[in-house]
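Here's the structure we're looking at; comments come further down.
Numbers here simply count residues along the sequence, with the first being 1. What you see is a predicted model; the values in this text were computed from it and never measured. All values below come from the heavy atoms of this structure, side chains included, with hydrogens, waters and symmetry mates left out.
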Amino acid sequence: MALYDWLSRDRIRCPASGDTLGAVLAELLAAHRGGSLAPSSPTSGGEGAGGPEAVRAEEVVRLADATVAVVREGRGIDRPVVYLGVSAAPFALPVEGDSEVGGAPGSPTPASPTESTSAPSAAPPTARVAFLVLVPDPSGPVRIRVLSELRRLVAREGVMEDLLAAASPEAVLALPALGDHVPPSEPTLSDAIRPLRYRVFPETPLSELVDLMVRRSLHAVPVVGEEHEVLGIVTTGDVLGHLVDGPRSSGAERPRAARDVMTRAVLCVSEGQALAEVARLMVSRDVEQLPVVRDGQLVGFVTRDSVLHSLFTTPEAPGSD
């Protein structure tokens, strides 16, 4: 699927006529309400102060010198939907602490009643290209991935010049960059699996296990059975707890093998689970890594670092620099 599959002619305003970002979004939202994705509609925390076109500075993501994006929720959609406004003249962006009230194209941004008219003020930030991105969950990983793709697109040589020179939606859709820039498919758990490097058996002597963990800087080692099924896991905390505090406080015999220190109740994830689901699980359970199993056999680990990398890093698209 090429990037222009995220767009369609009725989701592009070129040229957009608004002189503020809120006015440009109003044009794009009017197209949205017109039926391309009805009955879904974006929501914004600013609806109570100026309607959904109200734009807060913290909503605006700068993609390039003349390009910004605003990400909002689109209820009733299951994949990202992108709108694009290209203006012939710069439009004003909201500044920190202000909420820009959108409305009809050309409507001015209200001035603060305490604003001094005698002291010169800095020129407000401006842009000429605005993306409105609707996602199922604006707080989820899809938001970052879409923004990453848009930022990578506008960073390609010649793309901004071509966008700013376009005089119609048809001209925008005809840009070669939109046809050969391919967004990645949704990441799967297999993208984040770190291959299994080390494992031990229940009877592995504790001295060998500790030596392995120290030499290889391992935070956790799985304990497996004869069929490589997961029986438990040994973490650095498990080892220290048994070697330092456990035996002294309980009077128990010092542990001698992996089975004596391993945690037996191990939360595992299946290779077929969605990566976003696994990410939420790791956060809710406050774990740094999880074993990954395939047909009951351990195949590797997924870590917070590997999940983050897979969710928010995109491969190079064909033709990109």
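- Counting non-hydrogen atoms of neighbouring residues, nucleotides and ligands closer than 6.0 angstrom, the CZ atom of Arg215 exceeds 12 such neighbours.
- Listed for the Ser87 side chain is a donor-acceptor partner under 3.5 Å among the backbone atoms of Ala89.
- Scanning both residues, Leu21 and Ala130, for their nearest heavy atoms gives CD1-CB, 3.8 Å.
- Linking Ile, Leu, Val, Met, Phe, Trp and Tyr whenever their side-chain heavy atoms come within less than 4.5 Å leaves Val230 and Leu209 in two separate clusters.
- Atoms CZ and CD, from Arg294 and Glu271 in turn, are 4.0 Å apart once rounded to the nearest 0.5 Å.
- Atoms CD and CG, on Gln297 and Leu196 in that order, are 11.0 Å from each other to the nearest 0.5 Å.
- In this structure, Leu93 is a member of the same hydrophobic cluster as Val55, with clusters built from ILVMFWY side-chain heavy atoms closer than 4.5 Å.
- No chain of hydrophobic side-chain contacts below 4.5 Å, direct or via other Ile, Leu, Val, Met, Phe, Trp or Tyr residues, connects Leu281 to Phe301.
- Both Phe201 and Leu298 are members of a single hydrophobic cluster when ILVMFWY side chains are connected at heavy-atom separations under 4.5 Å.
- Closest approach of Thr236 and Leu218 over heavy atoms only: CG2-O, 3.6 Å.
- Of the charged side-chain nitrogens involved, none lies within less than 4.0 Å of a carboxylate oxygen, so that Asp65 and Arg128 do not count as a salt-bridged pair.
- Looking at heavy atoms from C-beta onward, Asp260 lies out of side-chain contact with His242 at the 4.5 angstrom threshold.
- Under the 4.5 Å side-chain criterion, counting only non-hydrogen atoms from C-beta, Arg264 is in contact with Arg259.
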Stepwise side chain to side chain contact (heavy atoms under 4.5 Å, CB included) check, Leu28 with Arg13:
CA-CA 7 Å; Leu28 300 178; Arg13 287 296 175 267; 3.8 Å; yes
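- Taking CG of Leu267 as the reference point, atom CD of Gln289 lies at 12.0 Å (rounded to 0.5 Å).
- Around atom CD of Glu227, no more than 12 heavy atoms belonging to other residues, nucleotides or ligands sit under 6.0 Å away.
- Annotation for Glu277 and Gln273: closest pair OE2-NE2, 3.2 Å, computed over non-hydrogen atoms.
- Salt bridge Arg152/Glu149: present, at least one basic N to carboxylate O contact under 4.0 Å.
- Atoms CG and CD, on Leu132 and Glu27 in that order, are 12.0 Å from each other to the nearest 0.5 Å.
- At a cut-off of 3.5 Å, with distance as the only test, no side-chain donor of Asp305 or Thr303 sits close to an acceptor on the other residue.
- Nearest heavy-atom pair across Ser270 and Val292 is C-CG1, 4.3 Å.
- The nearest pair of heavy atoms linking Ala167 to Pro15 is O-CD, 3.8 Å.
- The closest donor-acceptor contact from the side chain of Thr235 to the backbone of Asp238 lies under 3.5 Å.
- Of all heavy-atom pairs spanning Val223 and Pro202, the tightest one is CG1-N, 3.6 Å.
- The CD1 atom of Ile233 sits 12.0 Å away from the NE2 atom of His219 when rounded to the nearest 0.5 Å.
- One hydrophobic cluster holds both Leu29 and Ile77 under the rule that ILVMFWY side chains link at heavy-atom gaps under 4.5 Å.
- A distance of 10.0 Å separates CG of Leu275 from CZ of Arg280, quoted to the nearest 0.5 Å.
- Judged as a side chain to side chain contact (heavy atoms under 4.5 Å, CB included), and not counting sequence neighbours, the contacts of Val61 are Leu63, Arg143, Leu147, Arg151.
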Passes side chain to side chain contact (heavy atoms under 4.5 Å, CB included), Leu163 versus Leu84? Steps please.
CA-CA 10 Å; Leu163 269 179; Leu84 171 63; 4.1 Å; yes
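- Using a 4.5 Å heavy-atom threshold, the side chains of Arg256 and Leu206 count as separate.
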